[in-house]
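Data first, discussion second: the structure below is written as structure tokens.
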Amino acid sequence: MCEEADRVKCFQMSADNLHSWLRSVDTCEVLEVHIMRFVRSMNSERFLIASLESAGNRDPILNRLARSQDKIGWRRFMEGMISKEFCRYP
């Protein structure tokens, strides 16, 4: 993890902007929670862990999405490469 205070602050502001945008376009609340947990983890947590630990989620579609996104990785996610499974989520 980055220890440069200004870079971390900039990242957090960007994450806040993403969160605001997700809400403004009426993103499914379940996805919003998992996306933001994954983003704010700063690559310290897999998407699957975020989805499984969130209220004991057992949604097979979300779990498939999480596994797929974990193969792609956090950095690629932050660069805009997201799993096709996002399109399949209700």
Side-chain angles (χ1 to χ4, degrees):
M1 281 221 218
C2 182
E3 295 179 13
E4 173 59 44
D6 289 336
R7 289 182 184 184
V8 172
K9 183 178 178 181
C10 182
F11 175 82
Q12 295 300 338
M13 288 173 37
S14 295
D16 291 343
N17 288 339
L18 172 61
H19 197 193
S20 294
W21 179 80
L22 288 171
R23 288 184 173 192
S24 75
V25 297
D26 295 324
T27 302
C28 166
E29 188 175 341
V30 171
L31 284 181
E32 177 188 324
V33 167
H34 296 327
I35 289 169
M36 292 312 304
R37 182 169 173 176
F38 184 59
V39 167
R40 292 188 190 282
S41 78
M42 299 178 80
N43 203 25
S44 66
E45 185 173 279
R46 295 179 331 159
F47 202 105
L48 180 62
I49 299 302
S51 71
L52 290 174
E53 289 182 355
S54 178
N57 192 324
R58 301 290 181 242
D59 182 340
I61 298 170
L62 180 60
N63 290 336
R64 187 171 46 245
L65 181 159
R67 290 177 197 284
S68 176
Q69 189 59 56
D70 283 341
K71 288 179 184 175
I72 295 168
W74 182 86
R75 181 177 176 159
R76 292 287 191 184
F77 179 84
M78 297 304 292
E79 295 171 342
M81 184 179 288
I82 65 169
S83 169
K84 294 177 189 176
E85 299 296 327
F86 276 98
C87 297
R88 295 183 178 102
Y89 197 80

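Along the sequence shown, residues are numbered consecutively beginning with 1.
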Cluster link Met13 to Trp21, ILVMFWY, side chain under 4.5 Å: no
Tell me the closest heavy-atom pair linking Asp70 and Leu48, and the distance in Å. OD2-N, 2.9 Å
Using a strict threshold of under 4.0 Å (side-chain N to carboxylate O), is an ion pair present between Asp16 and Arg40? yes
Does atom CD (Glu29) have a neighbourhood of more than 12 heavy atoms from anything else shown, all under 6.0 Å? no
Gap between atom CG of Leu62 and atom CZ of Phe47 - 0.5 Å precision: 6.5 Å
Atom CE of Met36 and atom OG of Ser41: how far apart are they, to the nearest 0.5 Å? 10.5 Å
Shortest non-hydrogen contact from Ile82 toward Ile72: C-CD1, 3.9 Å
Heavy atoms only: give me the nearest Ile35-Phe86 pair and the separation to one decimal. CD1-CE2, 3.8 Å
Minimum heavy-atom distance between Gly73 and Phe38, given as atom pair plus value: C-CZ, 4.3 Å
Honestly curious: do Met81 and Val39 fall in one hydrophobic cluster under the side-chain, below-4.5 Å linking rule? no
Tightest non-hydrogen contact, residues Ser83 and Gln69, listed as N-OE1, 2.9 Å
Whether the side chain of Trp74 engages the backbone of Ser44 through a donor-acceptor N/O pair (distance < 3.5 Å, no angle test) should be reported. no
Counterpart residues, side-chain hydrogen bond (donor to acceptor under 3.5 Å, both in side chains), relative to Arg23 (two or more places apart): His19, Glu32
With heavy-atom distances below 4.5 Å as the criterion, would you say the side chains of His34 and Tyr89 are in contact? no
Can you check whether Met42 reaches Met78 side chain to side chain, under 4.5 Å on heavy atoms? no
